Engineer: 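I have a structure here, written as structure tokens, and I will follow up with some questions on it.
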Amino acid sequence: MSKPRQLHLGAFMRPISIHTGAWRYPGADPSANFNFPLIKQLIQTLERGKFDAFFMADHLAVLNMPVEALKRSHTVTSFEPFTLLSALAGVTEHIGLMATASTTYDEPFHIARRFASLDHISGGRAGWNIVTTGNPESAWNFGQEDHMEHDERYRRAREFYDVVTGLWDSWADDAFTRDVASGTFFDPEKLHVLNHKGKYLSVRGPLNIARPIQGWPVMVQAGASDAGRQLAAETAEMVFAAGGPIEDARAFYADVKGRAAKIGRNPDHLKILPGAFTIVGDSLEEAQEKRLKLDSLVNWDSGIAALSIAVGVDARQFDPDGPLPEIPETNQSKSGRERVVSLAKRENLTVRQLAGRLGGYGGLAMMGTPKMIADQMEEWLVTEASDGFNVMFPYLPGGLDDFVNKVVPELQRRGLFRTEYEGKTLRENLGLPRPENRFFAATAKAAE
Ligand SMILES: Cc1cc2nc3c(=O)[nH]c(=O)nc-3n(C[C@H](O)[C@H](O)[C@H](O)COP(=O)(O)O)c2cc1C
């Protein structure tokens with residue numbers, strides 16, 4: 001019998017927990033985003049749990065919101081991803097190191113060089129989450145008045161991708177002969193000068209670092225719009241999806257893989273990983289209690305604002321400790337309102353609890369015993385809603401330890417998740433091919 005399809009697990013680690021109440025949870029370290037010894041311990045635990053990758057999202061501005069709301073959030077500040085991942089490369093051996101970098105506010109030469117360096121330093125474990133940057137206030141940190149228009153950002157991103165991958169291919173894998181006897185360090189025949197001049201970018205090259213160990217670091221995308229999906233289908237090897245109802249996820253999965261197949265790509269070489277917020281308990285009730293506790297730590301003003309947006313009316317008029325009243329139809333998103341109403345009914349939540357839920361983390365959540373969480377992950381995998389998950393932890397270190405110590409062994413027992421890393425590089429662990437060098441096809445693999 002052939003092995004069942006395997007799950008791939010990434011850990012979403014910036015902020016260290018996406019839940020806005022996480023830093024106040026009993027036993028959690030409120031300074032975790034800046035506690036390097038703790039982050040080192042967390043990544044080593046993830047590696048013991050055979051996680052594919054540790055992922056640092058990134059934003060280029062503090063959110064432009066009133067300071068009264070902002071002051072409640074542990075998610076506004078964090079380490080710069082490359083500095084942190086370079087340090088973590090030295091204390092780990094197998095786990096992938098993924099970072100977001102922006103095609104709107106960075107230069108392809110810088111990005112190509114940084115990821116190539118991280119790939120060499122880590123022995124072939126780097127991955128780049130290509131984003132066009134959503135938050136418009138980033139513009140003000142880069143000498144610009146306005147954020148570039150959405151589809152324009154994606155057109156620039158497409159050209160940016162060609163330039164960065166072209167720069168990584170500057171050198172054949174065997175360009176550096178380092179022949180001490182003759183005194184020749186590299187073979188000039190194996191050097192390609194890009195000379196790119198396009199609509200948005202002008203880059204001569206070559207890159208001043210050898211081709212990455214993986215050829216190219218693993219290419220990740222997180223766009224959801226039509227332009228985002230298309231760029232993912234053309235260029236991504238992993239997609240971070242937002243997560244949501246399983247039917248929507250299946251449709252997204254089929255759409256993006258279908259687009260990839262249509263342009264001649266192997267859909268298996270594009271892994272789709274939705275974000276999944278996980279809370280482990282010894283029983284469903286215990287997991288739900290942990291969630292209620294966590295949600296209760298969300299500031300009331302942030303929670304009620306999130307609820308008001310979701311239902312399309314000012315929720316401050318409701319009794320906080322009563323059930324959600326009937327809400328009239330509005331012009332706002334219908335599906336969003338219905339989701340909230342059915343959530344409140346299903347879990348019998350008061351207005352206050354509902355506000356905490358939406359203000360904390362409103363996305364896909366898997367709660368319960370390790371077996372229940374494994375059941376859900378298995379369903380998503382076998383019904384082609386995903387190839388794995390980008391796991392989000394409720395509080396640190398406890399929530400992460402529970403996942404690694406309890407859920408991972410259950411997934412392994414079912415044969416759905418590795419017990420040993422398959423290879424040395426992130427690509428090998430993900431089952432992704434090493435890209436050919438477009439200028440030096442079929443050259444030898446880099447000397448070991
Ligand atoms: C799991 C996940 C991680 C993301 N990480 C980042 C990030 O680190 N930085 C960023 O600017 N945007 C990030 N985004 C936002 C996306 O890049 C994208 O802007 C968003 O999904 C909207 O899609 P669109 O730009 O195609 O409309 C992330 C989205 C998801 C779902």
Side-chain angles (χ1 to χ4, degrees), residues 8-19 33 52-64 75-82 84-85 96-106 111 114-115 126-142 147-158 160-161 218-245 248-249 252-253 255-256 259 271-278 361-366 380 385-393:
H8 292 286
L9 297 178
F12 187 98
M13 298 300 289
R14 180 207 184 270
I16 215 128
S17 169
I18 200 151
H19 196 288
N33 278 308
D52 290 83
F54 177 105
F55 168 55
M56 288 289 284
D58 198 28
H59 297 278
L60 298 172
V62 166
L63 287 179
N64 185 29
T75 66
V76 284
T77 57
S78 73
F79 286 131
E80 185 284 314
F82 275 89
L84 178 66
L85 293 183
L97 304 165
M98 291 184 167
T100 290
S102 170
T103 56
T104 304
Y105 295 103
D106 213 329
I111 287 193
R114 276 190 234 125
F115 276 103
W128 172 26
N129 179 31
I130 308 175
V131 304
T132 63
T133 296
N135 45 334
E137 55 268 32
S138 304
W140 305 331
N141 292 333
F142 294 87
H147 193 40
M148 193 186 286
E149 183 272 323
H150 183 274
D151 285 9
E152 184 89 354
R153 292 205 304 278
Y154 275 100
R155 283 192 290 275
R156 178 180 153 99
R158 187 66 188 76
F160 203 111
Y161 167 90
V218 172
M219 307 296 271
V220 188
Q221 270 275 304
S225 59
D226 190 63
R229 289 175 186 215
Q230 192 55 32
L231 181 67
E234 288 171 18
T235 64
E237 296 173 293
M238 183 181 281
V239 173
F240 289 160
D248 296 0
F252 179 83
Y253 188 96
D255 177 46
V256 176
R259 290 180 195 230
K271 309 287 180 193
I272 298 187
L273 271 66
F277 186 71
T278 56
Y361 181 68
L364 172 67
M366 296 183 177
W380 279 66
S386 79
D387 296 306
F389 296 93
N390 215 354
V391 182
M392 296 161 164
F393 303 103

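Index from 1, following the sequence. Ligands are counted one by one from 1 in listed order, and the atoms in each one are counted from 1 as well. When reading the values below, keep in mind they use all heavy atoms of this one structure, side chains included, and skip hydrogens, waters and symmetry mates. Keep in mind that what you see is a predicted model, and the values were worked out from it rather than measured.
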Engineer: Got an N/O contact under 3.5 Å between Ser225 and ligand 1?
Structural biologist: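 For ligand 1, there is an N or O atom that lies under 3.5 Å from one belonging to Ser225.
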Engineer: What part of His59, side chain from CB on, backbone N/CA/C/O, both or neither, has a heavy atom under 4.0 Å from ligand 1?
Structural biologist: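 The answer is the side chain.
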Engineer: Can you pull out the closest protein heavy atom to atom 1 (C) of ligand 1? Residue, atom name and distance to 0.1 Å, please.
Structural biologist: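 Answer for atom 1 (C) of ligand 1: Phe240 CB, 3.6 Å.
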Engineer: Would you say Arg153 and ligand 1 have an N/O pair spaced under 3.5 Å apart?
Structural biologist: no
Engineer: Answer yes if a protein heavy atom lies under 4.0 Å from atom 19 (O) of ligand 1, otherwise answer no.
Structural biologist: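 So far as the 4.0 Å threshold goes, atom 19 (O) of ligand 1 is out of reach of every protein heavy atom.
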Engineer: Quick one: are Glu234 and Arg158 in side-chain contact, heavy atoms under 4.5 Å?
Structural biologist: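 Yes, at least one pair of side-chain atoms sits under 4.5 Å.
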Engineer: Got the closest protein heavy atom to atom 7 (C) of ligand 1, with its distance?
Structural biologist: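 Among all protein heavy atoms, the one nearest atom 7 (C) of ligand 1 is Asp58 O, 3.4 Å.
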Engineer: Taking only residues two or more places apart in sequence or in another chain, which ones pass ring pair (Phe, Tyr, Trp, His ring centres under 6.0 Å) with His147?
Structural biologist: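 His147: ring pair (Phe, Tyr, Trp, His ring centres under 6.0 Å) contacts with Tyr105.
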Engineer: Using a 4.0 Å heavy-atom threshold (strictly under), name the region of Arg14 that reaches ligand 1: side chain, backbone, both or neither.
Structural biologist: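 Neither part.
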Engineer: Centre-to-centre under 6.0 Å for Phe115 and Phe82, is that the case here?
Structural biologist: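 Yes, ring centres under 6.0 Å apart.
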Engineer: Just jot down the ligand 1 atoms closer than 4.0 angstrom to any heavy atom of Thr133, in number order.
Structural biologist: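 Every atom of ligand 1 under 4.0 Å from some heavy atom of Thr133: 11 (O).
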Engineer: Is there a polar contact, in the sense of an N or O pair closer than 3.5 Å, between Asn135 and ligand 1?
Structural biologist: no
Engineer: Enumerate the atoms of ligand 1 whose separation from the nearest heavy atom of Gly223 is less than 4.0 angstrom.
Structural biologist: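 So the atoms of ligand 1 that pass are 23 (O), 26 (O).
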Engineer: Can you tell me if Met56 contacts ligand 1 (heavy atom of the residue under 4.0 Å from the ligand)?
Structural biologist: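 No, Met56 has no heavy atom closer than 4.0 Å to ligand 1.
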Engineer: Write out the residue and atom name of the closest protein heavy atom to atom 27 (O) of ligand 1, then the distance separating them to 0.1 Å.
Structural biologist: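 Ranking protein heavy atoms by distance from atom 27 (O) of ligand 1, first comes His150 NE2, 3.1 Å.
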Engineer: Of the side chain and backbone of Thr100, name the one, both, or neither that has a heavy atom under 4.0 Å from an atom of ligand 1.
Structural biologist: side chain
Engineer: Answer yes or no: is there an ion pair linking Asp151 with Arg156, defined by an N-O contact shorter than 4.0 Å?
Structural biologist: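 So Asp151 does not pair with Arg156 through a salt bridge.
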Engineer: To check your reading of the model: name the closest protein heavy atom to atom 5 (N) of ligand 1, its residue, and the distance in Å.
Structural biologist: Asn129 ND2, 3.7 Å
Engineer: Mind checking whether Phe55 and Phe240 have side chains closer than 4.5 Å, heavy atoms only?
Structural biologist: yes
Engineer: Hey, does Trp128 have a side-chain heavy atom less than 4.5 Å from the side chain of Met219?
Structural biologist: yes
Engineer: Would you say the side-chain atoms of Arg229 pair up with the backbone N or O of Val256, donor to acceptor, closer than 3.5 Å?
Structural biologist: no
Engineer: Do His59 and Ser138 have side chains that get closer than 4.5 Å, going by heavy atoms?
Structural biologist: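 With C-beta onward as the side chain, the pair stays apart.
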Engineer: Using a plain distance cutoff, I'd like to know if Ala224 has any nitrogen or oxygen under 3.5 Å from a nitrogen or oxygen of ligand 1.
Structural biologist: yes
Engineer: With no hydrogens and no angle check, just 3.5 Å: does a side-chain donor-acceptor pair link Asn129 and Thr100?
Structural biologist: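 There is such a pair (donor and acceptor under 3.5 Å, judged by atom type) between the side chains of Asn129 and Thr100.
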Engineer: At what distance is the nearest protein heavy atom to atom 16 (C) of ligand 1, and which residue and atom is it?
Structural biologist: Ala222 O, 3.5 Å
Engineer: Under 4.5 Å between any side-chain heavy atoms of Ser225 and Tyr154, yes or no?
Structural biologist: yes
Engineer: Closest by any non-hydrogen atom to atom 13 (C) of ligand 1: pick that one out of Leu273, Val131, Thr132, Val239.
Structural biologist: Val131
Engineer: Sequence neighbours left out, what passes salt bridge (charged side-chain N to carboxylate O under 4.0 Å, His left out) with Arg155? Give chain and number order.
Structural biologist: Glu152
Engineer: Which atoms of ligand 1 are found less than 4.0 Å from any heavy atom of Tyr154?
Structural biologist: 24 (P), 25 (O), 26 (O)
